[in-house]
Structures are given as C-alpha cells and as structure tokens.
K.L.:
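Have a look at this one before I ask anything.
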Amino acid sequence: MLTVEHESSRGASGGNTIRTLLTQTVYHFSEMIKPRVSALCAVFLPFLMCISAVTAGGAQNAQLASKEINARVESLLKQMTTEEKIGQTVQYSAGFATGPSASKLTYDELVAQGRVGSMLNVVGAEHTNHYQHIAMEKSRLRIPLIFGLDVIHGHHTTFPVPLAIAATWDPEAAETVARVSAREARADGINWVFSPMVDIARDARWGRIIESNGEDPYLSSALARAWVKGYQQGDLSNADSVAACVKHFAAYGAAIAGRDYNAVDMSELTLRQIYLKPYHAAVEAGVATVMTSFNSINGVPATADPFTLTQILRKEWGFNGFVVSDWGAVAELKNHAIGDGPTVARKALEAGTDMDMEGNLYATVIAEQVRSGKIPESVLDEAVRRILRVKFALGLFDHPFTDVGPRYEPTPERRAIARKVADETMVLLKNDPMEGVGNLLPLPPKMKTVALIGPMADDALNLEGAWTVAGNPKNVITLKAALTQRLGEKLLYARGCGLLSGKDEAALKGITFTGTSSVSNQPISDDQKSIAAAVEIARKADVAILALGEPTNWMEGEASSRTTLGFTGAQEQLLEAVVATGKPVILVVLAGRPLELKWAAGHVPAILEAWSPGIAAGPAVEDILFGDVNPSGKLPASLPRAVGQEPLYYAQMPTGRPARGDLSHMPRSAPEKFVSRYMDEENSALFPFGWGLSYTRFSYSQPTVDRAEIPVHQFAQDHKPVATVGVDVKNSGSIAGTEVVQLYIRNTSASVEQPLRELKGFTRVALAPGETRHVTFPLGFDELNFYNAELKKTMEPTTYDIWVGGNSLATAATSLKIIEEKSIKRSRIGARGQMVDAHIAFCNSLRPNHLCNR
Ligand code: BGC
C-alpha cells in the first residue's frame with residue numbers, strides 16, 4: 001500500500017511579486033497547507049504502476065474537522081426541529097438579484113423563525129447586522145446567518161479581472177488580492193465570498209472566461225490554492241478571514257458551443273485529467289465551501305450529481321465543508337426534466353447540495369418528504385452539520401456582528417497594490433520596429449504630441465471590469481486621466497466611436513442588476529463623424545494610442561456568450577482608419593476575454609493586452625507604455641486567429657494526421673489536404689498560451705535533467721521530486737526585467753494518448769541586465785502522472801520530452817527516460833549547452849502573422 005499526499009502537490013514560486021521580491025525557490029504546496037495524509041491504493045502491474053483514483057480522502061480543512069467544533073455541532077443538531085434544520089439549508093438574496101429574478105419574501109419574519117441559514121447580496125455592516133440581530137435575538141436557537149457575496153476581483157478596491165490576474169502567473173498576486181478583498185468584505189459584514197472561480201475555460205465565446213484562470217489546469221490549480229489561502233488565511237476564525245467558495249463544480253467552462261448554461265459532455269478521463277484539477281487543488285488548500293454549476297455533465301445536472309458531489313468531492317477528495325447550489329439551480333433542475341419540484345429537491349440534497357441558493361425549493365418541499373420518510377433525516381442532518389461547522393469555524397456564534405464603520409474607500413496603499421497587480425497583468429503581445437521609427441514601446445520620456453483615441457480610453461465603468469458588486473467606477477483612474485496628468489496639453493483625445501453601435505449601446509446602458517431595464521435617452525452617436533474627428537487628431541500627433549475593447553458590463557461575464565470575437569461596434573473601422581493615416585499606432589486592448597486581433601496583428605506594430613484592469617487602469621497602462629514598468633504578463637488563454645478555432649488551447653491531443661508547416665494557404669496537394677486542419681485558417685493561436693514580450697530579451701540555455709533514466713517504481717515511493725530540471729536564464733538586454741520561466745512536458749509513449757504539451761512548472765524570475773540565473777523545476781509523480789483507461793493515476797515506462805522557455809512554443813529541450821528495470825543507472829547530468837535564444841519575438845517580426853508555428 002502506498003500513500004500519496006495529494007494529487008498535484010506543487011505550485012509555482014512568485015518572483016518579483018507583490019509581497020516579496022524575487023524568491024528563486026520553487027514553491028511547494030506543502031508550505032501552503034498542511035498536507036493531508038490519505039491512503040491511495042497502489043496496484044503494481046508487471047510493467048506499470050497505477051494509483052487508484054477512487055480513494056478514501058482525509059479531511060481537507062483541519063479546522064472543520066476539529067473535535068471541539070464537531071461536538072458543538074452535534075449538540076446543537078440534537079436541539080433542532082426538522083424545520084430549523086431545513087432553515088439552515090436555505091439561502092435568500094435579501095438585496096439585489098444576481099440571477100433572473102429574486103424571491104421577494106418577508107425575510108425578517110423568516111429569519112426570526114429560524115427558516116433561513118444564509119443570505120446573499122446583503123452588503124454593509126448595518127444591513128447584515130440588521131438580519132443578524134434578528135437571528136441572534138429572535139430565533140429560538142440563535143444560530144447566526146452566514147452572509148455570502150460575489151467578491152470576484154476585489155471588493156471596494158477593484159483589481160483586474162481574474163483572467164488578468166492569471167496573466168501575472170504569480171500566485172502571490174492572487175493571494176494578495178484575496179487578502180485585501182477579505183478584509184474589505186469582512187468590514188462590510190460579508191463572511192463568505194463566492195470566489196475563486198476555477199472553471200477551466202478554453203472557449204473565448206464563453207463570457208465567463210473572464211472570471212477564470214484560463215485554459216490550463218496546472219496554472220489554474222496554482223492560482224486556486226493562492227486565492228483560497230488569501231481569503232481564508234489558514235484560519236477561518238481570523239477577524240479578517242472569509243470562507244472561500246470554489247465554483248462552479250463541475251466543468252462549467254466546457255459548455256457546448258461556448259453558450260452559457262449549456263450542457264457539458266466529456267469523457268471521465270478528460271474530466272479528471274483536466275477539468276477537475278483546479279477544484280481539487282482548492283479543496284486540498286482547505287476551501288470551506290463549493291458551489292455547484294448550472295450545467296449537466298454527461299446527462300446529469302451538476303446540482304444533482306452524486307458522482308461529482310459525493311463520490312469525487314466527498315469520498316475521493318475528503319472535502320469537509322458545505323456545498324451551495326448556484327443561483328436558482330435547484331429549482332432549475334425542473335427545466336432539466338429530471339422530475340417535479342419535490343423530486344429534484346430530493347435529488348439535489350441526496351446528491352450532496354447542502355444549501356439551496358435562491359431556489360426556494362428546499363424551504364418548501366423537503367419537510368414533507370423527511371416526515372414521510374422519503375428523505376432519510378440523516379441526509380438532512382448531514383447537510384446541516386456541514387453548514388454549521390463552517391459557521392462555528394468562522395467564529396460566527398461568538399462574534400456574529402460587524403462593527404459599523406465609515407464606508408470603505410480605497411486607501412492610497414491599496415491603490416498602490418492595485419496598480420502593482422495591474423502592472424503584472426499586462427501582456428505585451430507585439431512590439432515590432434516600425435520603419436524609420438524603431439520600436440514604438442516604451443514611449444520616449446519626451447513625447448511631443450500623443451493622440452489617445454477609443455471608447456475605452458475614458459470609460460471608467462468598463463475599465464473597472466465586469467462583475468463588481470461594491471466597486472465604484474468613480475474610483476477608477478482612466479487612461480485619459482492618467483495620460484493627461486503625465487502629458488498635459490501634449491495629449492489629444494477623441495472617443496472615436498461608441499463601444500456598440502446605434503441602439504445597442506443605448507439598450508446596454510439601460511440594463512441593471514435589479515432586473516429593470518430602460519433604453520437610455522442619450523442621442524445615438526454618429527460613428528462616421530466621430531471616426532473622422534479621431535483621424536484628424538491622429539494626423540496632428542506623433543503617435544496614436546488606441547484604447548479599444550468590448551463593453552465589460554453586460555457583454556462579459558455571466559450570460560455573455562458571443563459568436564464573434566472582434567471589437568464591438570465600429571471600433572475595428574476606427575482602428576483601420578487611424579492606421580491608414582500612416583502614423584505610428586499602439587493598440588491597447590481592454591477586454592476581459594481573448595478577442596480576435598488578426599487584422600491588428602498584421603497591421604499594428606505594437607499591441608498591449610491590458611484586460612479589464614480595475615481602479616488602477618490608467619496608471620498601470622501608463623507604467624507600461626512609458627517603460628516605468630517592464631511588462632511581464634503572459635497569456636493564460638490562447639488568442640484566436642478566428643472564432644471558428646474555438647475551443648482553442650495549446651495542450652492539443654495528437655492526431656493520426658497532424659498538419660505541419662505553413663497552413664496559411666489552401667492545400668495544394670493531397671498530403672496538404674488530408675490532415676487535421678482548416679481550409680481557410682491556420683491551426684495555431686494568433687498569440688499562444690504563455691506568450692508575452694518584454695522590453696528586454698531573455699535567453700535560455702539547453703535545459704538539463706539531473707537524471708537521465710529513472711525506474712518507474714521510484715515515483716511510487718513518495719511524492720517528493722524525483723528529478724530536477726535545470727536551465728540558465730539570462731537577461732541579454734540592457735534593462736531589468738522579469739521573465740515567467742515555463743516548463744512543458746510531453747509523454748511520448750503512453751497507454752492513453754497524451755497532449756502534445758502540458759505545463760508542469762513555472763516561476764517568475766527578476767533579472768538585472770546581463771544577469772544569468774539558474775532555475776530549477778522538480779519533477780515527480782505529481783507532474784508526470786496521468787489517468788489511464790481504467791481511470792487510475794499512472795506512470796509508465798516512457799520518455800518525456802521537456803521544454804523550458806518563455807511561452808508554450810518554447811524550443812529549448814531535453815528529455816527524461818522512465819524505465820522498467822529497478823536498477824538505477826548512474827545519473828547523467830547533461831552538459832549545459834550553448835545559450836538558446838528562445839525569445840520568439842524575432843520570429844514574429846519576420847513573419848508578423850504567423851507567430852512561429854510549432
Ligand atoms: C453565478 C454565481 C454567483 C451567484 C451568486 C450566479 O448567477 O453563476 O457565480 O456566485 O450567482 O450571485
């Protein structure tokens with residue numbers, strides 16, 4: 001019998017990070033949480049080693065497992081009536097609606113009767129205290145309410161959207177954002193945040209990609225752990241900790257055709273190997289709660305799926321917190337046609353959905369079924385236990401109220417953190433020299449005239465980013481404000497066009513979270529006229545900065561799927577008109593999702609992906625444009641050439657008919673035709689996963705592995721690193737910079753086919769000009785295992801190809817052989833070869849539109 005501590009035990013280190021400057025050591029997950037010791041069964045077969053995926057998991061959150069808390073829970077449970085128990089499983093929105101409609105009930109009365117366990121969307125200490133006083137003073141058992149809220153990218157201090165934070169490849173940045181958010185939320189009476197969202201998102205049509213960590217399970221898992229750590233701080237009873245809620249379980253991001261709420265259909269192997277990993281990482285990090293997803297998985301709605309909610313989450317992973325449904329998802333099970341109200345409520349509760357968010361179904365149809373014996377009381381008891389445990393761990397029974405203080409506004413200190421995080425999120429996509437001008441970025445300190453053009457340049461609401469509840473656009477410093485302060489009269493400004501055209505813009509402005517909508521009375525803008533005015537100011541300027549994107553408010557996030565991924569409204573037309581002036585153009589893309597930038601990539605020399613940056617939008621973009629900060633962000637999701645490529649991700653599976661070489665033209669022969677390709681577009685991303693340039697250049701040596709061959713059985717003994725990959729990374733330019741060094745592997749021969757590349761390590765390295773640093777990555781079972789056809793976590797004799805570099809096209813390579821025999825051959829340390837320049841920028845500049853196909 002072998003023991004395995006956790007499935008994916010290593011995260012990544014933060015270098016030049018928010019809280020600490022460069023730490024070169026690779027960050028071990030075990031340092032973040034106490035490792036659980038759970039027994040996984042190991043099965044030795046003649047030539048392969050398997051570890052069963054089906055295991056009895058230990059408790060993941062030690063606090064929730066504490067004897068003292070559980071004794072208090074049991075003693076309280078004994079005193080509860082069936083109605084009071086059901087009350088704990090009920091959550092209402094007594095504030096605004098974050099779904100199609102909200103219940104409008106007499107909440108004061110229900111709380112006094114002990115018929116509500118939780119509220120969401122009640123914000124502000126005076127409001128939460130109002131309900132808490134009723135619960136603590138009028139309800140029979142005085143059980144405190146737990147208040148939940150969507151704190152997605154900051155609370156009052158609005159940070160960049162989560163996808164942008166993922167572009168930092170810096171778990172410490174995510175942790176810092178979570179910590180600041182927790183403090184601000186707690187001061188507002190919120191003790192539970194519906195974050196992090198770790199749904200793997202490989203389809204940019206899906207609007208909720210902005211809330212995700214992007215396409216990769218390894219990166220997303222590292223960030224998931226960091227978000228949980230930041231919110232919960234390893235101790236839920238801290239006055240400024242909040243319970244985190246990892247969502248949406250499970251596989252919500254794989255909605256068919258990228259259409260939100262749509263069904264998900266995937267093999268269990270893919271589910272386990274890719275989609276479940278980040279949720280599992282959050283559970284291992286001790287997350288206190290999990291939210292179900294709206295979708296079905298292989299025909300079973302996730303909110304009533306015993307396989308994911310009980311078998312995997314509880315039995316295999318040992319999750320010991322509670323599960324809340326998504327908004328209305330229990331009641332919406334009726335639309336999935338798996339039964340009437342009572343039936344779907346029973347199915348959800350029995351499957352493991354402990355709390356009904358705004359479904360108003362547990363409240364109305366469970367009691368009768370418990371009384372009649374249709375639902376065993378023990379099932380209800382278990383749900384209540386799980387909820388009460390979290391309330392006790394948060395200290396709510398002892399400190400139920402929140403001190404009422406002045407309404408929070410971002411302090412200068414938090415603004416500085418927001419700016420630093422936003423700086424790290426910026427991804428320099430392209431910075432080609434322009435004839436007669438050279439590289440446009442960074443801009444020289446002494447600029448003559450700059451034209452700032454575009455509907456995103458001064459749009460505080462949309463720069464703040466989608467899905468903020470407590471955020472206030474008034475706190476956002478726009479690009480126009482920041483550049484005006486820097487350049488004074490040298491800055492010319494024109495909006496150029498609207499974010500949407502004609503009536504669409506007015507309609508979008510009218511929609512509110514409260515569910516009402518009205519069409520704005522503002523006159524519909526004339527895009528042609530405003531484009532002509534923008535062209536005029538571009539002509540007068542030395543350089544034009546275009547700030548374009550998509551409306552983040554209501555066109556990104558939930559229920560915001562798109563079938564096109566270009567700039568909205570007349571923005572593309574505006575871009576083309578300004579480029580046609582022949583003036584140097586810098587494009588700043590301000591959007592939470594990957595947009596299709598094909599024309600821009602072919603015609604604009606410098607492109608900065610700035611995402612939805614939050615309150616520090618202007619200063620952060622300014623930092624990068626003027627070189628006060630050297631860009632270091634890397635794409636957490638591939639940018640497509642065409643929407644038809646979606647879902648698009650780097651970790652593609654092999655095919656029997658791979659397409660190689662230049663796919664930019666129609667096939668001219670049978671070998672060019674009968675391969676896995678498109679007739680009208682290349683396969684590769686326009687800008688691939690991991691991509692991001694710097695104002696300096698980084699070079700990589702030939703990576704080496706400290707052991708050339710390793711017997712497979714050695715990986716079974718423990719989950720410490722078995723081999724180490726080393727590489728020298730050099731800053732070969734003349735300014736300081738931070739590189740995200742990335743390690744990819746390919747298992748070249750397995751019983752089940754494996755992706756062409758998989759990320760298995762990363763670290764941020766800050767380097768002075770000319771400085772070289774030796775970077776190491778551990779490789780062990782956690783990095784090298786995969787699920788075999790029997791769904792067992794496995795390693796087999798094989799050769800792993802290994803690449804290290806600055807993006808997913810990295811070319812500097814080595815390999816590691818896993819052998820059958822148990823005799824250990826002498827380790828062979830590969831000689832460090834010549835420095836390999838893996839900076840792909842030069843390739844891009846040679847073939848601007850083709851970005852170095854693999
Ligand atoms: C969203 C969740 C969110 C919940 C509560 C739902 O519509 O899908 O992500 O946490 O509402 O606001």
Side-chain angles (χ1 to χ4, degrees), residues 90-103 117-123 146-155 161-163 178 181 185 188 190-201 206-213 224 227-228 231 242-255 259-262 264 278-279 282 287-296 301-303 321-333 335 353-360 465-471 511-515 553-554 556-561 592:
V90 171
Q91 185 186 48
Y92 290 123
S93 167
F96 47 91
T98 40
S101 62
S103 56
S118 173
M119 285 185 161
L120 76 155
N121 299 345
V122 179
V123 190
I146 178 171
F147 294 96
L149 189 74
D150 290 298
V151 175
I152 307 297
H153 48 112
H155 188 54
V161 292
L163 187 65
S181 311
D188 261 349
I190 305 303
N191 28 51
W192 179 23
V193 295
F194 302 135
S195 169
M197 175 180 131
V198 303
D199 305 320
I200 292 293
W206 189 55
R208 300 199 83 168
I209 192 170
I210 77 140
E211 292 176 64
S212 79
N213 297 322
W227 281 103
V228 172
Y231 286 131
V242 289
C245 181
V246 68
K247 66 189 189 183
H248 306 83
F249 194 66
Y252 182 35
R259 182 157 50 78
D260 206 2
Y261 315 129
N262 205 4
V264 168
Y279 311 111
V287 74
T289 73
V290 169
M291 188 184 292
T292 68
S293 55
F294 291 118
N295 55 285
S296 60
T303 301
F322 74 83
V323 173
V324 63
S325 78
D326 202 342
W327 178 286
V330 173
E332 287 169 16
L333 289 171
N335 296 341
T353 299
D354 304 308
M355 187 180 276
D356 174 5
M357 180 196 288
E358 263 298 332
N360 204 20
W467 210 214
T468 69
V469 170
I511 304 173
T512 69
F513 274 116
T514 50
N553 203 26
W554 287 99
E556 290 185 347
E558 188 173 347
S560 301
S561 297

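Counting starts at 1 for both ligands and their atoms, in listed order. Note: hydrogens, waters and symmetry copies are ignored here, and every other heavy atom, side chains too, is used.
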K.L.:
Compare every heavy atom of Ser325 with every heavy atom of Val330, then report the nearest pair and how far apart it is.
P.N.:
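Here Val330 and Ser325 meet closest at CG2-CB, 3.7 Å.
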K.L.:
I'd like to know whether the aromatic ring centres of Tyr231 and Trp192 sit less than 6.0 Å apart in this structure.
P.N.:
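No; Trp192 has its ring centre 6.0 Å or more from that of Tyr231.
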K.L.:
Going by heavy atoms, is Met197 under 4.0 Å from ligand 1?
P.N.:
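Not so, Met197 does not reach ligand 1.
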K.L.:
Is Asp260 reaching over with its side chain to a backbone N or O of Ala559, donor-acceptor style, under 3.5 angstrom?
P.N.:
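Checking the backbone N and O of Ala559 against the side chain of Asp260, a donor-acceptor pair under 3.5 Å is found.
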K.L.:
What is the nearest protein non-hydrogen atom to atom 3 (C) of ligand 1, stated with its residue, atom name and distance?
P.N.:
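The closest heavy atom on the protein side is Asp150 OD1, 3.2 Å.
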K.L.:
Check whether any N or O atom of Arg208, backbone or side chain, sits under 3.5 Å from an N or O atom of ligand 1, and answer yes or no.
P.N.:
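Yes.
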K.L.:
Could you tell me which non-hydrogen atom of Ala251 sits nearest to which non-hydrogen atom of Val264, and how far apart they are?
P.N.:
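Closest approach of Ala251 to Val264, heavy atoms only: O-CG2, 3.3 Å.
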K.L.:
Under 3.5 Å between some N or O of ligand 1 and some N or O of Lys247?
P.N.:
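Between Lys247 and ligand 1, an N or O pair is found under 3.5 Å apart.
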K.L.:
So which heavy atom on Val198 is nearest to which on Tyr279, and how close?
P.N.:
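Distance-wise, the nearest heavy atoms are CG2-CD2, 3.5 Å.
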K.L.:
Just jot down the ligand 1 atoms closer than 4.0 angstrom to any heavy atom of Met291, in number order.
P.N.:
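Selected atoms, number and element: 2 (C), 10 (O).
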K.L.:
Provide the number and element of each atom of ligand 1 under 4.0 Å from a heavy atom of Leu120.
P.N.:
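Taking each heavy atom of Leu120 in turn, ligand 1 has 5 (C), 12 (O) under 4.0 Å.
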K.L.:
For ligand 1, which atoms have a heavy atom of Trp327 less than 4.0 angstrom away?
P.N.:
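Close to Trp327: 6 (C), 7 (O), 11 (O).
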K.L.:
Identify, by atom number and element, the atoms of ligand 1 in contact range of Phe294, meaning under 4.0 Å from any of its heavy atoms.
P.N.:
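In order of numbering, the contacting atoms are 7 (O), 8 (O).
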K.L.:
Taking the six-membered ring for Trp, are Trp206 and Tyr252 parallel (under 30°), tilted (30 to 60°) or perpendicular (over 60°)?
P.N.:
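Aromatic pair Trp206/Tyr252 classed perpendicular.
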K.L.:
Return yes when Glu211 approaches ligand 1 closer than 4.0 angstrom through a heavy atom, no otherwise.
P.N.:
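No heavy atom of Glu211 comes that close to ligand 1.
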K.L.:
Relative to the heavy atoms of His248, which atoms of ligand 1 are at a distance of less than 4.0 Å?
P.N.:
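Ligand 1 atoms under the 4.0 Å threshold to His248: 2 (C), 8 (O), 9 (O).
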K.L.:
Starting from atom 7 (O) of ligand 1, which protein heavy atom do you reach first, and at what distance in Å?
P.N.:
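The protein heavy atom lying closest is Glu558 OE1, 2.8 Å.
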K.L.:
If we only consider heavy atoms of Glu358, is any one of them less than 4.0 Å away from an atom in ligand 1?
P.N.:
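No, Glu358 has no heavy atom closer than 4.0 Å to ligand 1.
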K.L.:
Checking side-chain polar atoms at under 3.5 Å, does Tyr261 have a donor or acceptor matched by the opposite partner on Glu332?
P.N.:
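Glu332 and Tyr261 do not have a side-chain donor-acceptor pair below 3.5 Å.
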K.L.:
Suppose I only count heavy atoms of Phe194 and a 4.0 Å limit; which atoms of ligand 1 are within that range?
P.N.:
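Answer for ligand 1: 10 (O).
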K.L.:
I need the nearest protein heavy-atom contact for atom 11 (O) of ligand 1: residue, atom name and distance, please.
P.N.:
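So the nearest neighbour among protein heavy atoms is Asp326 OD1, 3.4 Å.
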K.L.:
Indicate yes or no: at least one non-hydrogen side-chain atom of Asp326 is less than 4.5 angstrom from one of Lys247.
P.N.:
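Side chain of Asp326 against side chain of Lys247, heavy atoms only: no contact under 4.5 Å found.
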K.L.:
Is there side-chain contact between Met355 and Val323, with at least one heavy-atom pair below 4.5 Å?
P.N.:
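No, their side chains stay 4.5 Å or more apart.
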